[in-house]
Amino acid sequence: MEILHNNGFCVSLIDINRTRMNKLVKVGSRPRQIAWGMSRICCEQSPGTSSERYERYQRQPQNVDLPELLPKKKKKPFPVPIKKMLQASRQDKRLARMRIEKPLEPPKNGLLVPELIPVAYEVLDNWKVLIRGLSQLLNVGTVYGCRKCPQVHVGPVGHQIQDCYGTGSQRRNSHHSWVRGSVNDVLIPIESYHQFDPFGWRVKHETRFDYDRIPAIVELCIQAGVELPQYPSRRRTAPVRMIGKKVIDRGGFVDGPKPHRSEDCISLLAELDTFSNQQGQSSTPSNVEELAEKTLKAYLNVQRGVARLMRKYTVKTCGYCSEVHVGPWGHNVKLCGAFKHQWRDGKHGWQDAVVDDVIPPNYVWHVRDPTGPPLRSSLRSFYGKAPAVVELCVQAGAEIPEEYRPMMRADVVIPDSEEARLAA
């Protein structure tokens, strides 16, 4: 037995079987008997060091695959397996045939969840801090947006990666046509209809102008218990009762107050909406690194808080476009212009939403050295990506969060152009 040691990695070579075989072989005109030996060697590996190395890599991988672009001619994947959805639907139909009332728990029955009310207020406060911080950081950093495609770049100059698929990209050899960006390019605005009673009248195509459009995060916080005088919401004391998909008791229909554009409402929108916080309207910060850390922390807190709220409160999204609706059912507005919208008469294909539908990450290429040369197509396999908010805060001086470090490929060495051709 021979044992080899190499940097704590132990390998054993063991001879476990040795036989001798005889066989008649014809040599010339006479057959002769030839014998030879056979041995079987196996390799043993000590599991200690290799398993520890693998577990350590799983805890903190060096890099992960970049997010793939979903094709526009296919529906979004369901967050819940379709088998479970069909199983729950069959259970509801079985109870409806037996005329048994569907068991509903808050907030599915219209009542608030008391332990999630502080979470909703915390999310709204962090949302205000995030928008205010981004509007100030844009006076320090630079954001570019392509005029022909939705791609965004954070850095002093636009990158030279040839991945534009917009109009006229063939004439430009897939190079982007960069223009100066704004807060809406960093944090993609996702709006939703505000309803006084989510279990009341559904928003129809003819009545769509009777409802305000506010950020979906704000609407989610309002339905979770946040009280805003500008956007009132009905608070039920008796639960909603349902048999199958039919509501048998909702406490009657109550018409909410008509929307009005007062000075208080406009000032509130200036804090909650990204359209009111454009570049140049905020003052330049004195301590950039502290502001970047505060903004990045607010962004991560908003993501965690929205994830907690969406575990209880229902949020719907269209499977073909980016429309989001907060409530038990989607609206009936016929404004979907995505793939095969003619078959649906312009209606949205509603399904359960995920956090990325409410807060789109908007991935951009990670720039390690903003003062260095621009990114090139020949080295794109060595570059990482990160959400635009994270990239802007990191370039302003914030530390890279651990959950985004593998995707940004901060531990991968970027070779020169000559060395890249020799890399595997």
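The first residue in the sequence is number 1, and the count goes up from there.
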Any donor-acceptor pair under 3.5 Å from [X] side chain to [Y] backbone:
X: Asn184; Y: Val186; value: no
X: Ser135; Y: Ile131; value: yes
X: Gln223; Y: Tyr313; value: no

4.5 Å side-chain heavy-atom contact, [X] and [Y]:
X: Glu122; Y: Arg308; answer: no
X: Leu392; Y: Tyr299; answer: no
X: Ile222; Y: Leu124; answer: no
X: Val355; Y: Met310; answer: yes
X: Arg304; Y: Asn301; answer: yes
X: Pro328; Y: Pro198; answer: yes
X: His331; Y: Gln195; answer: no
X: His205; Y: Leu335; answer: yes

Can you tell me if [atom1] on [X] sees more than 12 non-hydrogen neighbours from other groups inside 6.0 Å?
X: Lys76; atom1: NZ; value: yes
X: Arg234; atom1: CZ; value: yes
X: Gln91; atom1: CD; value: yes
X: Glu403; atom1: CD; value: yes
X: Asp65; atom1: CG; value: no
X: Lys148; atom1: NZ; value: no
X: Leu86; atom1: CG; value: yes
X: Gln170; atom1: CD; value: no

| said: Whether Lys245 and Asp92 form a salt bridge (side-chain N of Lys/Arg under 4.0 Å from carboxylate O of Asp/Glu) is what I want to check. | reply: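 Judged by the 4.0 Å cut-off on N to carboxylate O distance, Asp92 and Lys245 do not form a salt bridge.
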
| Does the pair Glu323/Arg213 count as a salt bridge with the N-to-O cut at 4.0 Å? |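 Yes, charged N to carboxylate O under 4.0 Å.
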
For [X] against [Y], the heavy-atom pair lying closest together:
X: Val358; Y: Ala216; value: CG1-CB, 4.3 Å
X: Val367; Y: Leu375; value: CG2-CD1, 4.1 Å
X: Leu95; Y: Pro103; value: CD1-CD, 4.2 Å
X: His348; Y: Cys318; value: ND1-SG, 3.5 Å
X: Leu111; Y: Pro106; value: O-CB, 3.9 Å
X: Pro215; Y: Leu272; value: CG-O, 3.5 Å

| request: Please step through side chain to side chain contact (heavy atoms under 4.5 Å, CB included) for the pair Gln151 and Cys164, ending with a clear verdict. | output: CA-CA 8 Å; Gln151 192 167 145; Cys164 181; over 6 Å; no

| said: Which residue in the set Arg380, Arg172, His175, Arg376 passes side chain to side chain donor-acceptor pair (under 3.5 Å) when paired with Gln162? | reply: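 Result for side chain to side chain donor-acceptor pair (under 3.5 Å) with Gln162: His175.
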
Please round to the nearest 0.5 Å and tell me the distance separating atom [atom1] of [X] and atom [atom2] of [Y].
X: Asp125; Y: Glu271; atom1: CG; atom2: CD; result: 10.0 Å
X: Ser192; Y: Ile214; atom1: OG; atom2: CD1; result: 7.0 Å
X: Cys393; Y: Glu399; atom1: SG; atom2: CD; result: 13.0 Å
X: Asn287; Y: Lys294; atom1: CG; atom2: NZ; result: 11.0 Å
X: Phe196; Y: His194; atom1: CZ; atom2: NE2; result: 8.5 Å
X: Phe382; Y: Arg368; atom1: CZ; atom2: CZ; result: 10.5 Å

| request: Output, in order, the C-alpha distance, side-chain angles, deciding distance and verdict of side chain to side chain contact (heavy atoms under 4.5 Å, CB included) for Val364 and Val143. | output: CA-CA 11 Å; Val364 299; Val143 177; over 6 Å; no

| request: Not counting sequence neighbours, list each pair that qualifies as a ring-ring contact (aromatic ring centres under 6.0 Å, His included) and has a residue in residues 119-147. | output: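 Matches after skipping sequence neighbours: none remain.
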
| request: Assign the ring pair Trp329 / Phe199 to parallel, tilted or perpendicular, where the plane angle (0 to 90°) is split at 30° and 60°. | output: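 Taking Phe199 first and then Trp329, their aromatic rings stand perpendicular (interplane angle over 60°).
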
| task | Name the orientation class of the two ring planes belonging to Phe253 and Trp201 (parallel below 30°, tilted from 30 to 60°, perpendicular beyond 60°). | result |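 Ring orientation of Phe253 relative to Trp201: parallel.
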
| said: Please evaluate residues Arg90 and Gln87 with respect to the criterion side chain to side chain donor-acceptor pair (under 3.5 Å), reporting the C-alpha separation (whole Å), side-chain torsions for both, the decisive distance (0.1 Å), and the verdict. | reply: CA-CA 5 Å; Arg90 288 192 293 267; Gln87 182 179 2; 5.8 Å; no

| message | Checking Leu66 against Arg409 for the side chain to side chain contact (heavy atoms under 4.5 Å, CB included) test, could you report, in this order, the C-alpha distance in whole Å, the side-chain angles of both residues, the deciding distance, and whether it holds? | response | CA-CA 10 Å; Leu66 300 180; Arg409 299 182 179 179; 3.9 Å; yes

| request: Give the C-alpha distance, both sets of side-chain angles, the deciding distance and a yes or no for side chain to side chain contact (heavy atoms under 4.5 Å, CB included) between Tyr211 and Val333. | output: CA-CA 12 Å; Tyr211 301 88; Val333 179; over 6 Å; no

| Picking from Arg236, Arg202, Arg250, Arg235, what satisfies salt bridge (charged side-chain N to carboxylate O under 4.0 Å, His left out) with Asp197? |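 Single salt bridge (charged side-chain N to carboxylate O under 4.0 Å, His left out) partner of Asp197 among Arg236, Arg202, Arg250, Arg235: Arg236.
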
| field | Residue from Asn362, Thr295, Leu296, Val154 passing side-chain contact (heavy atoms from CB on, under 4.5 Å) with Val390 | value |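 In the set Asn362, Thr295, Leu296, Val154, the residue that makes a side-chain contact (heavy atoms from CB on, under 4.5 Å) with Val390 is Leu296.
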
